Amino acid sequence: MNDYLNTPIEFLKGVGPKRGELFRKEINVFSFEDLLNYLPFRYVDKSSYVKISEICRGGASSAHVLVQGKILSKEVVGTKFKSRLVVRFADETGEIDLIWFKGVKWINENLKIGENYVIFGKPALFNKSYNFTHPEIDLASETKLQKEGLYPMYNTTETMKNRGITSKAISKLMQTLLEGMAFVIPEILPPLVLEKYPLISRDSALRLIHFPKNQDELARAQNRIKFEELFLLQMRVLKQKSQHQLEKSYVFSKVGENFNHFFKENLPFTLTDAQKRVVKEIRKDLGSGFQMNRLLQGDVGSGKTLVALMAMLIASDNGFQSCLMAPTEILAQQHFKSIQKFLTGLDIGVGLLTGSTKTKERRELHEGLQNGTIKILIGTHALIEDAVQFQKLGLCVIDEQHRFGVAQRSKLWAKSQFPPHILVMTATPIPRTLAMTLYGDLDTSVIDELPPNRKPVQTLHRYDNSRLKLYEFLKQELRKGRQIYVVYPLIKESEKLDLKDLEEGYFTMCSEFPRPEFQVSILHGKMPQTEKDLGMKLFVENKTQIMVSTTVIEVGVDVPNATVMVIENAERFGLSQLHQLRGRVGRGAEQSYCILMSSHKLSNEAKKRLDTMVKTNDGFKIAEADLQLRGPGDIQGTQQSGALNFKLADLTKDERIIRAARIAAGLVLDEDPNLSQLQHQKLNITLRKMYGDTVWSKIS
Ligand code: ADP
Ligand code: MG
C-alpha cells in the first residue's frame with residue numbers, strides 16, 4: 001500500500017519520464033500520493049448541457065459549459081507560422097466557432113465533419129460574437145462515462161497545457177490511479193473523533209473528491225477533508241500551546257515600587273474594567289513560573305499600550321528589563337515619548353532604538369542595556385537585528401505582531417537565558433478564525449470596552465462633488481477650535497502620482513483655508529525627519545489646525561483636539577487601515593467625524609468597504625468583514641506563516657469546522673498528550689511528517 005502511494009509519478013500509466021518531470025516542476029507532484037492529494041479546484045455539473053443559442057445570447061459567459069453538437073466545417077487559416085484552426089460547430093439551436101492556435105495540425109486531422117461531439121470549455125466574447133478557444137472535445141459516443149456526475153477541474157500551468165496535460169488529462173490519470181488503488185487508504189483520525197463527528201472515511205473522501213456523483217457526495221468529501229486539515233492544524237497549535245505552558249520562565253512575584261507609584265501618582269484616569277481584567281490575567285501569567293504567551297486584542301484606542309506599560313513596570317519591579325517592539329519608526333518614537341511622559345518622576349531608564357539611531361547613541365544604549373540602567377527598550381525591528389544584549393530580559397511586548405515573522409520572534413528569545421514572557425498586541429482586532437488558527441497557540445485577552453466619555457465617531461461617505469459643503473463643515477469645526485486631518489493614500493507603485501495628489505491637496509487646503517485664520521501643515525514619509533517632527537509638533541501644539549498627510553499618521557498619533565478625519569480617495573484604502581485612521585479622532589470629549597471621500601466610480605468591493613465603515617465602529621465586526629471581503633490570503637502575516645496553506649479549508653467560510661476541529665483536537669490531547677497510544681500512531685506519524693519532530697513534540 002505504502003509502496004503504491006510512494007511510487008514516483010512517472011511510473012503511473014500515461015505519465016512517463018517527460019511528463020513526470022513536468023508534474024514535479026510545475027505542480028510539485030512527485031508521487032502517486034501527491035497526485036491523489038492534488039484536488040480539483042472546482043466542479044462542473046456534467047448533467048447540465050447548454051444550447052448554443054443560449055451561449056450566443058451571452059447566457060453562459062465566463063462559465064465552463066458542455067455543448068453537444070456536430071461539426072459543420074473546419075478550416076486552417078493564417079500563415080504557415082501563425083495558423084489557427086477554425087471549426088464551425090452546431091446544435092439544433094445555432095452555430096458557434098471553436099478555435100485552436102496550438103496543435104492545429106493534429107487536431108485538424110482527428111476531427112471529423114458530420115460527427116457528433118461533446119465540447120467542454122468557457123465561451124469567450126471576441127469581436128462581438130462568442131466562440132470557444134481550445135475547448136476540450138470528445139466524440140459523443142465516448143463520453144457516456146462523464147455524462148453523470150460532476151466534472152472535476154484541475155489547475156494546470158501553461159507549460160503543462162502545451163504538452164497535453166490539461167485538466168481533463170489529469171482527471172484521466174486520476175482515474176487510472178484510483179483504479180490501481182486496490183486497498184483502503186488508512187484512516188488517520190482517532191476513533192474518538194470519528195465517533196463524535198459525522199465524517200466519512202479518509203478513503204471514501206479521497207476517492208469521492210475526485211469523482212463525486214452529485215453535490216451531496218461532494219459536500220461530504222469536502223467536509224471530511226477540511227475537517228482533517230483543520231484538525232491537524234489544531235493538534236499542532238494546541239500542542240504548542242501546552243508546550244508554552246510548560247516552558248519555564250522567570251517569576252515576577254511581586255508588584256512593587258514602580259508599578260504602585262505609577263498607579264497612584266501618574267495614571268491620569270481610572271482603568272476601564274476590561275483593562276483591569278486584562279492586567280490581572282497578565283499578572284497571573286507573570287507570576288506562574290511559566291512563560292507567558294498572550295495575545296492582547298482590543299480596538300484602536302482601547303488602551304492596550306497602557307496595559308503593556310503596566311506589565312513592563314511589573315517586570316522592572318522584579319529586577320527585569322523589558323522591550324517593546326513596534327512595526328514602524330514613527331510608532332516606536334510615539335511609544336517612546338508617551339511612555340517617557342507616563343513615567344515622569346519614576347527612576348526608570350527608557351531607551352529608543354530604531355534603524356536611524358546613530359552609532360554613538362547605539363553604543364550608549366548597548367552599554368545601558370548590559371549594565372542594566374536601561375529598564376525599558378523601545379524600538380523597531382532594529383531591536384532584534386542589532387547586536388543588542390540585555391542584562392536580564394524578562395518581557396517582550398510586540399505591537400502589531402502580525403508584521404513580525406516567526407524567525408524574528410525566535411531571535412528575541414535568544415537574547416535571554418530563559419525565554420522571556422511574550423505579550424503580543426494587535427493594532428486592531430483580528431477575526432475569530434485567525435485567532436483560532438494563526439494565533440491559536442497563544443492565550444488571548446480582550447479589551448472589549450473603550451475608555452469612558454468617548455463619543456462614537458460619526459462616519460459619512462461623501463462624493464467628490466460635495467466638496468464645497470465639506471469645506472463649509474470643516475470651517476465650522478475649525479471655528480469651534482477643533483483640528484482636522486486630511487489623509488491621502490500613498491501606495492508604493494504610484495508614489496510619485498500620489499505625492500502629487502497630496503501636494504495639490506495641500507495647496508487647495510491652503511487656499512480654501514487661508515492664513516491668518518487657518519494654518520495648514522503637510523506631512524509625508526519622504527520628508528526629512530526634522531521637518532516631520534516640526535510639522536507634527538506644530539499640530540500637537542495646535543499651532544496648525546489642519547494636517548494634510550499620508551498614512552504616516554495612521555498609528556500612534558494622539559491629538560485629542562482633532563475631531564475630523566477626512567480620508568481622500570477612501571476607496572483605495574483597506575478596511576483595517578480605514579479603521580485605524582478613524583481611530584485617530586474621537587480621542588477627546590467632543591463629537592468627532594470621519595469623512596470618507598470618493599469618486600462615483602466604485603468597485604463593488606470598495607463600496608462594501610465604505611458601507612461597512614459607515615455602518616459600524618466596532619473593530620471586531622470590521623475585522624470579520626475585512627476577512628470576508630479580502631479572503632485570508634491577503635491578511636497580513638498569513639502568507640509567510642505557511643501554517644494556513646490549506647487545500648480546501650477556507651478561513652472565511654469554515655469557522656464552524658474550525659471550532660469543531662479545535663474541540664476534537666483538545667479531546668484527543670487530553671486523552672493522549674504525546675499520542676503514544678497505538679490507535680494514534682498514524683496520526684502521530686502524519687503530524688511529524690507535516691510539522692517536523694521538534695515542532696510537534698519536544699517531550700517524547
Ligand atoms: P491602543 O494602543 O489600544 O490604541 P492606547 O493605549 O494608545 O490605545 O490608548 C489610547 C488613548 O486612551 C491614550 O491617549 C491613552 O492614554 C488613553 N487611555 C487609555 N486608557 C484609558 C482609560 N482607562 N481612561 C481614559 N483614557 C485612557
Ligand atoms: Mg496603540
Side-chain angles (χ1 to χ4, degrees), residues 259 262-282 294-313 322 324-328 330-344 346 350 376 378 396-403 423-430 444-457 483 485 536 539-542 551 553-563 565 576-590 592 594 617-620 622-623:
F259 184 95
F262 169 77
F263 198 78
K264 287 193 197 113
E265 312 289 332
N266 289 22
L267 190 63
F269 37 69
T270 49
L271 297 179
T272 62
D273 288 343
Q275 282 172 317
K276 283 184 203 154
R277 186 184 67 236
V278 170
V279 171
K280 244 188 225 153
E281 286 165 354
I282 291 172
R294 192 166 279 282
L295 173 68
L296 175 53
Q297 282 206 66
D299 213 339
V300 226
S302 61
K304 297 182 291 288
T305 314
L306 191 77
V307 168
L309 175 61
M310 289 192 276
M312 295 196 282
L313 289 174
S322 345
L324 167 61
M325 193 156 57
T328 66
I330 293 205
L331 190 52
Q333 285 166 356
Q334 177 77 27
H335 279 321
F336 178 68
K337 280 180 202 148
S338 71
I339 284 177
Q340 269 188 326
K341 206 167 117 199
F342 267 128
L343 297 184
T344 317
L346 272 89
V350 184
I376 295 177
I378 295 162
C396 292
V397 180
I398 301 172
D399 196 1
E400 302 183 275
Q401 90 111 34
H402 46 302
R403 299 187 198 180
L423 181 67
V424 172
M425 302 194 289
T426 60
T428 47
I430 52 177
T444 312
S445 289
V446 180
I447 305 186
D448 49 6
E449 182 186 1
L450 291 178
N453 303 327
R454 296 255 177 95
K455 290 204 181 84
V457 178
Q483 288 165 278
Y485 296 103
M536 207 55 233
F539 190 68
V540 170
E541 291 169 357
N542 200 0
T551 50
I553 56 132
E554 178 185 348
V555 279
V557 180
D558 195 8
V559 180
N561 189 46
T563 57
M565 166 65 66
S576 65
Q577 211 176 12
L578 290 172
H579 184 60
Q580 272 290 324
L581 286 169
R582 177 166 60 185
R584 296 304 109 209
V585 295
R587 301 188 149 241
E590 306 301 330
S592 291
C594 174
N617 276 310
D618 183 338
F620 286 87
I622 286 174

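Every number for a ligand or one of its atoms is a count from 1 in the order of the listing. Since the structure is predicted, the reported quantities are computational estimates derived from the model, not experimental observations.
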Engineer: Using a strict cut-off of less than 4.0 Å between a Lys/Arg side-chain nitrogen and an Asp/Glu carboxylate oxygen, indicate whether D299 and R582 qualify as a salt bridge.
Structural biologist: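 A salt bridge is absent here (no side-chain N lies under 4.0 Å from a carboxylate O).
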Engineer: Which atoms of ligand 1 sit under 4.0 Å from any heavy atom of T270?
Structural biologist: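 Once the distances to T270 are compared, the set is 22 (C), 23 (N), 24 (N).
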Engineer: Examine G303 against ligand 1 and note whether any of their N/O atoms are separated by less than 3.5 Å.
Structural biologist: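 Between G303 and ligand 1, an N or O pair is found under 3.5 Å apart.
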Engineer: Quick one: does D399's side chain have a donor or acceptor within less than 3.5 Å of a partner on L324's backbone?
Structural biologist: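 No.
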Engineer: Does the N or O separation between R587 and ligand 1 drop below 3.5 Å for any pair?
Structural biologist: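 Looking only at distances, the answer is no, because the N/O contact criterion of under 3.5 Å is not met.
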Engineer: Would you say V559 and R584 make side-chain contact, with heavy atoms under 4.5 Å?
Structural biologist: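 Not touching, per the 4.5 Å side-chain cut-off.
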Engineer: Give the atoms of ligand 1, by number and element, whose distance to some non-hydrogen atom of F342 is under 4.0 Å.
Structural biologist: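 In order of number, 16 (O).
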Engineer: Out of Q483, E590, R587, which one pairs with N561 under the side chain to side chain donor-acceptor pair (under 3.5 Å) rule?
Structural biologist: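 Among the candidates, only Q483 passes.
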Engineer: Taking 4.0 angstrom as the limit and counting only heavy atoms of T305, give me the atoms of ligand 1 inside it, by number and element.
Structural biologist: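 Atoms satisfying the 4.0 Å criterion: 2 (O), 5 (P), 6 (O), 7 (O).
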Engineer: Could you label the plane-to-plane angle of the F262 and F342 rings as parallel, tilted or perpendicular, counting under 30° as parallel and over 60° as perpendicular?
Structural biologist: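 Judged by the thresholds at 30° and 60°, the geometry between F262 and F342 is perpendicular.
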Engineer: Which ligand 1 atoms are under 4.0 Å away from a heavy-atom of V300?
Structural biologist: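 Reading through ligand 1 atom by atom, the close ones are 4 (O).
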Engineer: May I ask you to identify, for K341, whether its side chain, its backbone, both or neither come under 4.0 Å of ligand 1 on a heavy-atom basis?
Structural biologist: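 Contact part for K341 vs ligand 1: neither.
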Engineer: Report the residue from Q297, R277, R294 that forms a side chain to side chain donor-acceptor pair (under 3.5 Å) with S445.
Structural biologist: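 Testing S445 for a side chain to side chain donor-acceptor pair (under 3.5 Å) against Q297, R277, R294 leaves exactly one candidate, R294.
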Engineer: Kindly indicate whether the side chain of L309, heavy atoms from C-beta on, has any atom under 4.5 Å from the side chain of L343.
Structural biologist: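 Result yes, sub-4.5 Å side-chain heavy-atom pair found.
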Engineer: Counting only heavy atoms, which portion of D299 has something under 4.0 Å from ligand 1: side chain, backbone, both, or neither?
Structural biologist: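 Contact part for D299 vs ligand 1: backbone (N, CA, C, O).
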Engineer: Using modelled atom types only, decide if a donor and an acceptor are shared between the side chain of K304 and the backbone of G298 within a distance under 3.5 Å.
Structural biologist: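 Pair found, side chain donor or acceptor close to backbone of G298.
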Engineer: I'd like to check which ligand 1 atoms, numbered from 1 as shown, lie under 4.0 Å from a non-hydrogen atom of T272.
Structural biologist: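 So the atoms of ligand 1 that pass are 23 (N).
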Engineer: Touching ligand 1 at all, G298? Heavy atoms, strictly under 4.0 Å?
Structural biologist: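 Checking ligand 1 against G298, which is what was asked, there is no heavy-atom contact under 4.0 Å.
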Engineer: Check for me whether K276 has a heavy atom closer than 4.0 Å to any atom of ligand 1.
Structural biologist: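 For ligand 1, residue contact (heavy atoms, under 4.0 Å) with K276 is absent.
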Engineer: Run the numbers for me: atoms of ligand 1, each under 4.0 Å from some heavy atom of L306, listed by number.
Structural biologist: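 So the atoms of ligand 1 that pass are 6 (O), 20 (N).
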Engineer: Geometry only, no angles: is L271 polar-contacting ligand 1 at N/O separations under 3.5 Å?
Structural biologist: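 L271 vs ligand 1: no N/O contact under 3.5 Å.
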Engineer: Under the criterion side chain to side chain contact (heavy atoms under 4.5 Å, CB included), which of L295, V278, I282 is the partner of L423?
Structural biologist: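 Result for side chain to side chain contact (heavy atoms under 4.5 Å, CB included) with L423: I282.
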